[in-house]
Amino acid sequence: YRLLNPLKPGSVLVDVGVGHGDLLRTTMVNQAYRSRHRGWSPERPVRVAGLEESQDSLTQARQSLRALHRELDSDFSGTLTIYPPMTTDWVQADWTQGLPFKDHSLHRIVCNLSLPFVRSPLVTIRELYRMLHPEGRLVLTVLHPDTDLSVFYRQHLRRTDQGEFSPQAQIVLHHLGRLREAIRQGLLHTFDRSSLASLLRQAGILVSHIRPALNGHAFLAVIE
């Protein structure tokens, strides 16, 4: 989220693989409080779009964001509706097809752990780069061949004094175990640092910054 900021009035942010909409909820909260701090001036709202293949995922993300909007609007006595700091679109699209955005039209693009699941990472990155504004920023994260997020999650449980045998922890560990098995079987696209840099070069991206993320269990690339 820090790498995606600042979001200037009227700028466009697209979350590719929106999932449950966590990033958009974070954006709404921050934009709402920034608007209140500025005195609710009638600036152009930030435009955000959640992009997914699954209509069910889009519906869940939309409902979650609407619930948060109602809660915030109540806290702000309805001002959020009068001076919306953010507008939202929901786009169902096939990763393998051309995405419905104009060339160089998006100021911020985030593709968080979505690339491992697409049919062709190269096609997807080329398409994202096509849409990126000349002064924009694309942030993406990928898994590497040794990724095991269950290790990362267990560390989190120990730091927060939670046991790993609670029902919720067991559900998460079950899904992370399935993810690790899919990585081992080569069912997902994974990249080490050099192969990710090579993929970006093939996509025509000559300048990027790659760093470890999630305590070394993923890589994060920033493209400007």
Side-chain angles (χ1 to χ4, degrees), residues 1-41 43-54 56-93 101 106-117 128 131-133 136-143 149 152-153 156 159-160 168 172 175-176 209 211-215 217-224:
Y1 181 80
R2 288 194 302 271
L3 291 169
L4 294 171
N5 276 277
L7 294 173
K8 298 178 181 179
S11 61
V12 184
L13 162 68
V14 173
D15 187 359
V16 180
V18 67
H20 296 292
D22 296 337
L23 176 67
L24 300 194
R25 289 200 303 272
T26 300
T27 303
M28 174 172 282
V29 170
N30 280 275
Q31 291 301 311
Y33 278 94
R34 287 179 179 180
S35 292
R36 187 179 74 167
H37 180 72
R38 290 194 302 264
W40 300 108
S41 57
E43 294 181 331
R44 288 185 300 160
V46 171
R47 293 177 53 205
V48 301
L51 183 67
E52 263 293 357
E53 284 188 301
S54 165
D56 289 342
S57 294
L58 285 178
T59 299
Q60 292 175 15
R62 182 189 298 113
Q63 291 173 347
S64 179
L65 192 68
R66 283 177 177 172
L68 175 61
H69 184 278
R70 287 194 297 268
E71 181 181 343
L72 289 171
D73 202 35
S74 176
D75 291 342
F76 295 144
S77 303
T79 313
L80 202 64
T81 298
I82 300 171
Y83 298 109
M86 180 178 114
T87 62
T88 312
D89 295 309
W90 307 95
V91 182
Q92 183 180 12
F101 298 98
L106 306 180
H107 301 88
R108 296 289 185 268
I109 306 173
V110 61
C111 185
N112 183 31
L113 296 181
S114 297
L115 212 59
F117 301 91
L128 298 181
M131 302 183 297
L132 189 64
H133 190 276
R137 185 177 301 149
L138 164 61
V139 179
L140 62 87
T141 54
V142 299
L143 305 172
L149 291 178
F152 184 47
Y153 182 60
H156 161 73
R159 283 196 304 270
T160 54
Q168 181 61 36
V172 175
H175 287 295
L176 295 180
H209 305 280
R211 64 189 74 173
L214 288 176
N215 204 25
H217 289 279
F219 284 112
L220 182 148
V222 180
I223 296 138
E224 296 183 289

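Because the structure is a prediction, the values reported are computed rather than measured.
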J.: Verify, without hydrogens or angle tests, whether Gln92 (side chain) and Glu53 (backbone) share a donor-acceptor contact under 3.5 angstrom.
T.: yes

J.: Could you go step by step and tell me if Tyr1 and Asp22 meet the side-chain contact (heavy atoms from CB on, under 4.5 Å) rule?
T.: CA-CA 11 Å; Tyr1 181 80; Asp22 296 337; over 6 Å; no

J.: I would like to know whether Val18 and Leu23 meet side-chain contact (heavy atoms from CB on, under 4.5 Å); could you show each step before the answer?
T.: CA-CA 8 Å; Val18 67; Leu23 176 67; over 6 Å; no

J.: Donor-acceptor check, side chain of Asp89 to backbone of Ala49, threshold 3.5 angstrom: yes or no?
T.: no

J.: What's the separation between atom CG in Leu220 and atom CG in Leu140, rounded to the nearest 0.5 Å?
T.: 7.5 Å

J.: Do the side chains of Val46 and Pro85 get nearer than 4.5 Å, heavy atoms only?
T.: no

J.: Could you measure the distance from the CZ atom of Phe152 to the CG atom of Leu214? Nearest 0.5 Å is fine.
T.: 5.0 Å

J.: Would you name the heavy atoms of Leu128 and Ile109 that are closest together and state the gap between them?
T.: O-CD1, 3.4 Å

J.: Under a 4.5 Å cut-off applied to non-hydrogen side-chain atoms, are Gln31 and Pro9 in contact?
T.: no

J.: I'd like to know whether CZ of Arg159 has more than 12 heavy-atom contacts from other residues, nucleotides or ligands below 6.0 angstrom.
T.: yes

J.: Are more than 12 heavy atoms from other residues, nucleotides or ligands located less than 6.0 Å from atom CZ of Arg47?
T.: no

J.: Should we count CZ of Arg34 as having more than 12 external heavy atoms under 6.0 Å?
T.: yes

J.: Is it the case that Arg25 and Ser64 place a side-chain donor and acceptor less than 3.5 Å from each other?
T.: yes

J.: Distance-only, no hydrogens or angles: does the Asn30 side chain make a donor-acceptor pair with backbone N or O of Thr26 under 3.5 Å?
T.: yes

J.: Taking the side chain as C-beta and beyond, is there a heavy-atom pair between Val29 and Leu72 under 4.5 Å?
T.: yes

J.: Do the ring planes of Tyr83 and Trp40 sit parallel (below 30°), tilted (30 to 60°) or perpendicular (above 60°)?
T.: parallel

J.: Taking the side chain as everything from C-beta on, heavy atoms only, tell me whether Val222 gets closer than 4.5 Å to Arg211.
T.: yes

J.: Would you compute the distance between atom CG of Leu132 and atom CZ of Phe101 and round it to the nearest 0.5 angstrom?
T.: 13.0 Å

J.: Give me the atom names and distance for the closest heavy-atom approach of Tyr153 to Gln168.
T.: OH-O, 4.4 Å

J.: Considering non-hydrogen atoms only, spot the tightest contact between Pro45 and Pro84 and give its length.
T.: CB-O, 3.2 Å

J.: Where is the tightest heavy-atom contact between Ser114 and Gly17, given as atom of each residue plus distance?
T.: OG-CA, 3.5 Å

J.: Does NE2 in His20 sit with more than 12 non-hydrogen atoms of other residues, nucleotides or ligands closer than 6.0 Å?
T.: no

J.: Is there side-chain contact between Leu24 and Trp90, with at least one heavy-atom pair below 4.5 Å?
T.: yes

J.: So, taking the atom named OG1 in Thr88 and the one named NE2 in His69, what distance separates them when rounded to the nearest 0.5 Å?
T.: 8.0 Å

J.: Between CE of Met86 and OG1 of Thr27, what distance do you get to the nearest 0.5 Å?
T.: 6.0 Å

J.: How many angstroms lie between atom CG of Leu176 and atom CG of Leu149, to the nearest 0.5 angstrom?
T.: 5.5 Å

J.: What is the minimum heavy-atom distance between Ala218 and Leu113, and which atoms define it?
T.: CB-CD2, 4.5 Å

